[in-house]
Number of protein chains: 2
Amino acid sequence: MEKVDYIIRGDYIVTMDESLTVVRDGAIAVKGNLISDVGGFDDISKKYSSEKIIEGSNRAVIPGLINTHTHAAMVYFRGIADDLPLKEWLEDYIWPAESRLLSPEFVSDATELACLEMLKAGITTYSDMYFFEDASGRAAKKMGMRAVLGAGIVDFPTISGKGADEYLKKAEEFINDWGKDELITPCIAPHSIYACGPDTLRKIKNIADKYNVPIHTHLSEAKWEVEEVKKRYGRRPVEHLYNLGLLDGKIIAVHCVWLNDEEITMLAKHNVGVSHCIESNLKLGSGIAPVPQMLKAGIKVSFGTDSAASNNDLNILSEMSTAAKVHKAISNNPTALDAKTALLMATQWGAEVLGLGKITGSIEKGKAADIAILNLDKPHLTPMYDIYSHLVYSARASDFETVFVNGRLIVDNGRLCTADEEDIMSKAREWRDKIK
Amino acid sequence: MEKVDYIIRGDYIVTMDESLTVVRDGAIAVKGNLISDVGGFDDISKKYSSEKIIEGSNRAVIPGLINTHTHAAMVYFRGIADDLPLKEWLEDYIWPAESRLLSPEFVSDATELACLEMLKAGITTYSDMYFFEDASGRAAKKMGMRAVLGAGIVDFPTISGKGADEYLKKAEEFINDWGKDELITPCIAPHSIYACGPDTLRKIKNIADKYNVPIHTHLSEAKWEVEEVKKRYGRRPVEHLYNLGLLDGKIIAVHCVWLNDEEITMLAKHNVGVSHCIESNLKLGSGIAPVPQMLKAGIKVSFGTDSAASNNDLNILSEMSTAAKVHKAISNNPTALDAKTALLMATQWGAEVLGLGKITGSIEKGKAADIAILNLDKPHLTPMYDIYSHLVYSARASDFETVFVNGRLIVDNGRLCTADEEDIMSKAREWRDKIK
């Protein structure tokens with residue numbers, strides 16, 4: 001009988017492995033940061049013993065959800081201005097507040113709140129693009145989350161630097177500093193092809209290749225962006241990226257709302273991973289990405305919340321539910337984006353898009369123990385016929401009770417173990433008074 | 001100092017009165033079933049005393065939400081089949097289960113579960129169309145909810161009768177039996193103009209006029225329905241209703257997805273109230289109702305969840321959030337359907353659509369005390385800039401803590417007071433085994 005650190009039990013273990021195995025009355029043995037075994041509870045309890053057993057009656061155990069695009073620290077701007085055109089929202093509210101207040105301290109405090117919200121919503125990994133990512137990394141690590149982090153790179157001065165050369169130098173330092181961390185994966189994050197010229201993008205590609213890190217970038221979010229790129233370079237955005245040599249499996253392409261058929265084919269051919277941020281795209285009136293077409297072409301599509309300032313939460317369950325419904329209506333086809341596909345996008349495919357497909361995204365032997373447990377004993381989850389249907393169409397973020405990241409118990413029965421929730425929320429209220 | 005039954009305090013009292021007053025550090029005095037007064041806490045506490053004070057720190061107090069369209073008892077079919085075309089879903093799953101099992105006992109037990117879910121999600125009033133509405137009425141009353149109920153009328157035999165004449169007779173009896181109830185409002189509910197011929201619809205109108213009750217009907221949900229009505233009657237659905245003399249403020253017109261401009265003008269001119277069921281329409285791939293156009297024309301639009309079998313929950317907060325986002329994207333206008341309008345649709349306008357605008361829908365002196373209280377002390381509601389934004393874009397059904405209906409405390413700090421939650425859920429699990 002092998003001793004393990006945890007035995008996690010569940011009425012349903014939704015593994016999201018290649019054959020989409022669901023184990024009824026199952027259990028997971030966790031040793032160190034890894035999953036040692038998954039199987040029926042009877043089997044697991046014959047093979048392993050543990051002092052710490054997480055009980056599983058009326059519980060569903062799923063891989064921790066993956067948020068492939070956010071600007072975590074912008075959670076401090078949640079609801080500061082809504083129902084406005086993007087330009088007014090940015091120029092009158094977000095940018096003035098950012099240029100007045102952004103600092104490593106702001107980013108660190110705000111990232112803690114974002115991680116708290118995400119962890120309690122079953123999210124164990126997120127991918128971030130913002131300023132002062134060093135502070136963000138320290139906060140994520142303190143909170144115990146897995147993260148892919150990259151400071152946004154643009155061709156003009158911002159609060160964090162004078163221009164591309166400075167950002168690129170800092171990005172390289174950041175990659176060197178965090179490259180060996182177990183939880184934090186550094187990446188390089190050109191804001192977009194309209195904010196980074198060809199020269200900057202080529203330098204970014206060189207750095208990405210040199211260090212083997214992902215490139216996280218916004219792509220074809222708004223219609224004007226496509227027109228602007230066509231005007232400047234005579235090509236559509238995807239073609240422009242291809243011409244610059246950037247189109248490959250290292251790219252995390254965020255939004256991809258305005259694609260034509262040729263671009264979809266190109267993204268598929270070059271194994272580009274996509275982050276679909278449906279709630280943000282809807283709320284800002286940007287449009288609706290052609291997700292069923294992308295999936296049909298074989299593109300790995302995942303979910304991103306975008307920032308809580310434009311969404312207004314960090315909730316992958318709700319992105320799944322919204323996406324599964326909206327794409328049915330838009331394609332006039334109730335079989336579009338079914339529940340299993342939505343959950344794949346939120347787990348294993350999300351991990352693959354971030355280059356972490358061998359580490360997280362499913363509950364399998366040898367993978368990191370990134371695990372989220374939901375309580376099914378709720379009126380809105382009763383009765384139960386199909387676990388995938390409930391997870392995508394009926395479950396709420398508040399149904400998550402217990403969360404492990406990398407084998408560590410981070411949320412225990414609804415309470416954060418790694419920091420004080422009240423502290424995090426009072427710091428947010430203090431910052432709010434300065435922001436307002 | 002006047003004695004009252006409750007003083008309900010809140011950091012924010014969101015009244016939804018005509019001037020959309022929000023009282024900071026406010027309070028509500030409740031006596032019997034009515035709101036006696038609303039104002040600042042200091043004022044209220046000088047004028048009233050009560051043994052029961054509901055504390056309000058970090059709490060938002062709003063009018064109970066109104067669900068203007070559901071088939072409550074279908075909650076027992078939640079998730080039984082998803083991601084299917086409507087025809088297959090109905091013919092292979094829903095109808096066989098209904099014809100095998102429906103009974104007053106089924107409807108009563110299932111309605112209790114639906115009421116439990118709705119009450120815990122801050123919904124205090126719902127409008128229902130299904131079978132065995134007598135059983136439904138008794139269940140809603142036991143649970144303490146306000147409801148507008150009508151058994152569906154069609155021209156063909158069903159489990160509850162042989163044809164139109166029998167349904168009409170029963171509908172009249174139902175109206176007589178429940179007409180004087182304080183919580184239950186009977187209505188008459190032709191399923192649709194494709195399931196009820198002109199003769200049946202005229203008889204329904206006569207009964208509605210005789211007893212002064214609303215007419216609750218599905219209207220232009222699917223595209224084929226419009227074609228079918230045009231083929232049979234040579235007119236589009238709204239024109240057909242007008243020609244039959246049914247188009248007036250008594251109609252609760254559900255869905256209204258496939259309207260042309262003339263029909264929108266007609267609905268507005270005749271004060272028809274609309275129930276917008278966006279999540280159901282999306283999930284079944286029915287289409288997206290032209291809500292911004294209806295609002296612009298002056299139509300009172302409200303929210304309905306439709307049944308939990310097609311949605312898959314009974315959650316008006318989430319309907320608000322989905323609708324506010326989707327209509328921005330569809331109209332390519334981020335200012336479409338702003339947060340205040342969404343909350344009006346979910347409260348006062350919902351009450352008006354049901355003919356209950358003077359009784360419920362806002363927190364005002366003289367109205368029934370139908371009140372829902374949310375806990376704002378949550379990471380996903382931090383920080384706070386604007387209460388409407390938080391209610392529509394960030395709050396979750398699980399944030400509701402305490403709910404009053406008609407002056408009675410129904411949900412107290414998350415627990416139902418009127419029945420045993422565990423009993424209701426175990427009955428659901430027993431029925432599930434028979435359904436499956």
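Within every chain, numbering begins at 1; the chains are lettered A, B, ... in the order of the sequence lines, protein sequences first and strands thereafter.
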message = If I measure from the heavy atoms of chain A, does B:K378 come under 4.5 Å with its side chain, its backbone, both, or neither?
response = backbone
inquiry  = Any non-hydrogen side-chain atom of A:M145 less than 4.5 Å from a side-chain atom of A:I123?
reply    = yes
request  = Please state whether the side chain, the backbone, both or neither of B:I330 comes within less than 4.5 Å of a heavy atom of chain A.
outcome  = side chain
ask   = Using a cut-off of under 4.5 Å for heavy-atom pairs, which of B:S389, B:A308, B:A428 has the most such pairs with chain A?
value = B:S389
inquiry  = Let's test your reading of the structure: which of A:I80, A:L116, A:D313 forms the most heavy-atom pairs below 4.5 Å with chain B?
reply    = A:I80
query = Got a second to check how far B:N375's CG is from B:F400's CZ, nearest 0.5 Å?
reply = 11.5 Å
message = Looking at A:D306 and A:K283, is any side-chain nitrogen of the basic one under 4.0 Å from a carboxylate oxygen of the acidic one?
response = no
note = Among A:E279, A:H390, A:K436, A:M118, the residue with the most heavy-atom pairs under 4.5 Å to chain B is A:E279
Interface moiety of B:S398 toward chain A, non-hydrogen atoms closer than 4.5 Å = both
ask   = Among A:S321, A:G285, A:A329, A:P379, who wins on heavy-atom pairs under 4.5 Å with chain B?
value = A:P379
query = So, A:T305 versus A:E319: side-chain donor-acceptor pair below 3.5 Å or not?
reply = no
key: Flag for A:H380-B:N315: side-chain donor and acceptor within less than 3.5 Å   = no
ask   = For the side chain of B:R100 and the backbone of B:K434, is there at least one donor-acceptor N/O pair under 3.5 Å apart?
value = yes
task = Please flag which part of B:N332 lies under 4.5 Å from any non-hydrogen atom of chain A: side chain, backbone, both or neither.
result = both
remark   = If one checks every heavy atom of B:I288 against chain A at 4.5 Å, the contacting part turns out to be side chain
ask   = For the candidates A:V326, A:I424, A:D386, A:L314, which exhibits the highest count of non-hydrogen atom pairs separated by less than 4.5 Å from chain B?
value = A:V326
inquiry  = Strictly distance-based, threshold 3.5 Å: is any side-chain N or O of A:S394 a donor or acceptor partner for the main-chain N or O of B:N312?
reply    = yes
key: Interchain contact, A:S286 with chain B, by part (heavy-atom threshold 4.5 Å)   = neither
message = Taking side chain as everything from C-beta outward and backbone as N, CA, C, O, which of these in B:R78 sits under 4.5 Å from a heavy atom of chain A? Side chain, backbone, both or neither.
response = both
request  = Give a yes or no answer on whether the side chain of B:T418 reaches the backbone of B:M143 with a donor-acceptor pair at less than 3.5 Å.
outcome  = yes
query = Is a salt bridge present between A:D11 and A:R59, judged by a nitrogen-to-oxygen distance below 4.0 Å?
reply = no
inquiry  = I need the residue from A:S331, A:A336, A:S318, A:A397 with the largest number of non-hydrogen atom pairs under 4.5 Å to chain B.
reply    = A:A397
message = I'd like to know which of A:I435, A:V392, A:N311, A:L113 tops the heavy-atom pair count under 4.5 Å against chain B.
response = A:L113
N-O pairing of A:K328 and B:D82 below 4.0 Å = no
Atom group of B:A81 that falls short of 4.5 Å from chain A, counting heavy atoms = neither
